[in-house]
Amino acid sequence: DWSSDVCSSDLRHSINSDILIHPLVLAFTPALFAPDSEAPPALKEGAFDVVFDCTDNPATRQFVNAWACVHDIPLVSGGAVRTEGVVGVYNLPLPSPPSAALPTASDPSSPAEPLNRGPCYACVFPPLPTPVIPLSDEQIALQGTGACSDEGVLGLLCGVVGLGLGAEGIRVLLGIGPSSRSRTAL
């Protein structure tokens, strides 16, 4: 909600006055990117260095991933459900190959552009297909949604995942770490 986001940014600014935080409380849905929407230009243009995904809804997670991919922004994603947690970094820039290895326009068999990013979230966790046969309410309940609001979550685990998100985000922003490829920790 609005008040908790504003209070959180005020607290962070009081701890470190050298940073500037602009909390945006928006429904991150496809409607936000319609030509007539009032979304801030930075959001429409993808003017960010990293995207943190802390959602607990698989459809929203896939949407955030697609947005980050369109704008070539690394995605640091984390989630917790029941007693399991995951932190992953996706869509990272890959090391540049030697210039001789780049495809050329004179070589029609080479791709137009080299792949320059690691796998995205959807590459590792493809969206679930819509079932062909409608499921009963009991089957849906047994299948679960994967959302912590439906499945429950061990509270302490959220803190552990949050620490992992913060650490990975710092590594992405500073360009440090053991690997420049996408990675996931379970």
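All residue numbers in this chain count up from 1 along the given sequence. Just so you know, these numbers use all the heavy atoms, side chains as well, and skip hydrogens, waters and symmetry mates. On a predicted model such as this, the values are computed, not experimentally measured, just so you know.
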**Item:** N/O donor-acceptor pair under 3.5 Å between Arg61 side chain and Gly78 backbone
**Value:** yes
**Main-chain N/O of Asp72 paired with Arg117 side-chain donor or acceptor, under 3.5 Å** = yes
Locate the shortest heavy-atom distance separating [X] from [Y]; write the atom from each residue and the value.
X     : Y      : value
Asp53 : Ser77  : OD2-OG, 3.0 Å
His71 : Glu45  : ND1-O, 3.3 Å
Gly85 : Leu157 : N-CD2, 3.7 Å
Asn65 : Ala122 : ND2-N, 3.4 Å

**Asked** Under a single-linkage definition using a 4.5 Å side-chain heavy-atom cutoff for Ile, Leu, Val, Met, Phe, Trp and Tyr, are Phe48 and Tyr121 assigned to the same hydrophobic cluster?
**Response** yes
**Asked** Linking I/L/V/M/F/W/Y whenever any side-chain heavy atoms sit under 4.5 Å apart, do Leu156 and Leu163 land together?
**Response** no
**Asked** So among Leu92, Asp49, Ile73, which one has a side chain to side chain contact (heavy atoms under 4.5 Å, CB included) with Val172?
**Response** Leu92
Let me confirm one number: the [atom1]-[atom2] distance from [X] to [Y], rounded to the nearest 0.5 Å.
X      : Y      : atom1 : atom2 : result
Leu154 : Glu84  : CG    : CD    : 11.0 Å
Gln62  : Thr55  : CD    : OG1   : 9.5 Å
Asn91  : Asn116 : CG    : CG    : 9.0 Å

Would you say the side chain of [Y] lies within less than 4.5 Å of the side chain of [X], judging by non-hydrogen atoms?
X     : Y      : answer
Lys44 : Ser37  : yes
Trp67 : Val51  : yes
Val64 : Leu75  : yes
Cys54 : Leu165 : yes

